[in-house]
Protein chains: 2
Amino acid sequence: MKITQNIKIAVDAVVFGYHNNQIQILLIQQKFGKKQWALPGGFVLDKETLDEAVIRELKEETGVKANYLEQLYTFGATQRDERLRVISVAYLALINPNNYILKADTDAKDAQWFDIYDLPELAFDHKDIIAVGLERLKAKINYQPIGFELLNTKFPFSDLENLYQTILNKKLDRRNFRKKLLSFGILQETDQYQKVGSGRPAKLFKFNKKKYKELEQNGFHFEIKFA
Amino acid sequence: MKITQNIKIAVDAVVFGYHNNQIQILLIQQKFGKKQWALPGGFVLDKETLDEAVIRELKEETGVKANYLEQLYTFGATQRDERLRVISVAYLALINPNNYILKADTDAKDAQWFDIYDLPELAFDHKDIIAVGLERLKAKINYQPIGFELLNTKFPFSDLENLYQTILNKKLDRRNFRKKLLSFGILQETDQYQKVGSGRPAKLFKFNKKKYKELEQNGFHFEIKFA
DNA sequence: CATTTATGTGTACTGTTTACACAAAGGTAC
DNA sequence: GTACCTTTGTGTAAACAGTACACATAAATG
């Protein structure tokens, strides 16, 4: 079988973090040309799967390890990169505060977090890729418990609430939000409280992943719907 | 920039049709080796986008033109094809009864429809790809009006109802289904009736795509939820 | 013309979503 | 230490959406 195809395949990661009530994205500065900011990513090696490629590139370029990763979309326009034809398989990754810190022992010195609504000029079609990633996050947060991946293991309800409000960009009723989330039975109260400045201390909760998987098996479906 | 990457990129299409109250899938018989059945698809040409590649391959291999097409998932395992490393971008396609007929003027003589629950042995990981496609169809039919793409332009309500029941593999209440669908205001009554054997003739309806797009713009969201 | 088959229609019940306000726990400023 | 500020925690009534359910209508068939 002879195929003369001159296309290279790469992976790129849209990595979201949640910090200071903002959705942030992890970008790296290119080392060549205009030194534009770009998504972490790179060419797939002959002997690794796509998933392996993203994980490797993320580690090499930023030092972080995502605690959620899913394939997003494959971008295959003919003029994405002016140098040669590159098809890129984009991934969506979520990082929690523990993994948020960029380890300096790698190439990570060129990596930086940006507010999703205040992005620099981006290389290639990376702006489009980010848009698709954000859309996916917005949609998915409503029907899969992926929001927890952006929070600490133990978190006050207000964090969860703010996270949803930030991502969905709308105000939610505190009482109804809490009631709904608790009704699923996938949140576990801890006996710890968190004090931040003034105000009543907040009870900390944990996401009970095991319980969620169990319920899911039995046909339970996480779903939030607020006007 | 030098990259030594020895990977080829292909596209494959999971093409669904609806016939005799069955979900069917379009497969082609391979011309080499064990002549197994496989999804229509092939290698991407250097100067075409991924979408263009699927459309071209579908036409060449089966003579059909999908009236709905969306990217599904990219399969990048290292051992998909024993001959060489191939990464495949899979697409989901829907065909309506008008396009259902395989035109014999092409390579289509090797193409055939199969009941989705009665598949032959399949090449590569195509069985997995079909599973992903079916899952997507099942999920998406609930929140996007893609079911209509599988029906004639004018259809009786019972067709729509059977389509949903077949795809979701569960019985739906006729009255509630009709009430819900009509409540959206995206179905247009025609003044035509369809008689099939005995029984009261059924009024024919049309999907009003323009109206749907209009409503969608104003924040309307197609959504079906039945126990 | 009696029987069979498929279409077409309404209502009461149940569960879910929404809107909404005040008490409790702690901090801060005087 | 007390008045005030800030944040957390909680219930209920009204509106809406989903569910369960049965009989009349239009045609074909024998």
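A, B, ... follow the sequence lines: proteins, then strands. Residue 1 opens every chain. Model, not experiment: these values are computed from the prediction.
Heavy-atom distances under 4.0 Å link DNA chain D to B:Asp173, B:Arg175, B:Asn176, B:Lys179, B:Lys180 of residues 169-182 of chain B, given in residue order. For residues 137-164 of chain A, proximity to DNA chain D is found at A:Ser158, defined as any non-hydrogen atom under 4.0 angstrom from a strand atom.
The distance between atom CG of B:Asn21 and atom C1' of C:dA6, rounded to the nearest whole Å, is 13 Å. One can place CZ of A:Phe226 at 14 Å from P of C:dT16, the figure rounded to the nearest angstrom. Distance CD (A:Glu189) to P (D:dT8): 15 Å, rounded to an integer number of Å. Rounded to whole Å, the distance from OH on B:Tyr193 to C1' on D:dT25 is 12 Å. Taking atom CD1 of A:Ile224 as the reference point, atom P of C:dT17 lies 10 Å away to the nearest angstrom.
Using a distance-only test at 3.5 Å, with no hydrogens or angles considered, a donor-acceptor pair links the side chain of B:Asp115 to the main chain of B:Tyr117.
One axis for each end of the helix from C:dC1-D:dG30 to C:dC30-D:dG1, each built from five base pairs, and the angle between them comes to 10° at 10° resolution.
Between A:Tyr100 and A:His19, the ring-plane angle classifies as parallel under the 30° and 60° cut-offs.
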Close N/O contacts between protein and nucleotides 27-30 of chain D (under 3.5 Å):
none

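Annotation for A:Leu69 and A:Ala93: closest pair CD1-CB, 3.7 Å, computed over non-hydrogen atoms.
Within the structure, side chain to side chain donor-acceptor pair (under 3.5 Å) contacts touching residues 128-140 of chain A (residues at least two apart or in different chains) are A:Glu70-A:Arg136, A:Glu70-A:Lys140.
Applying the ring pair (Phe, Tyr, Trp, His ring centres under 6.0 Å) criterion to B:Tyr193, with sequence neighbours excluded, gives no partner residue.
At a threshold of 4.5 Å between non-hydrogen side-chain atoms, the residues B:Leu134 and B:Phe16 count as touching.
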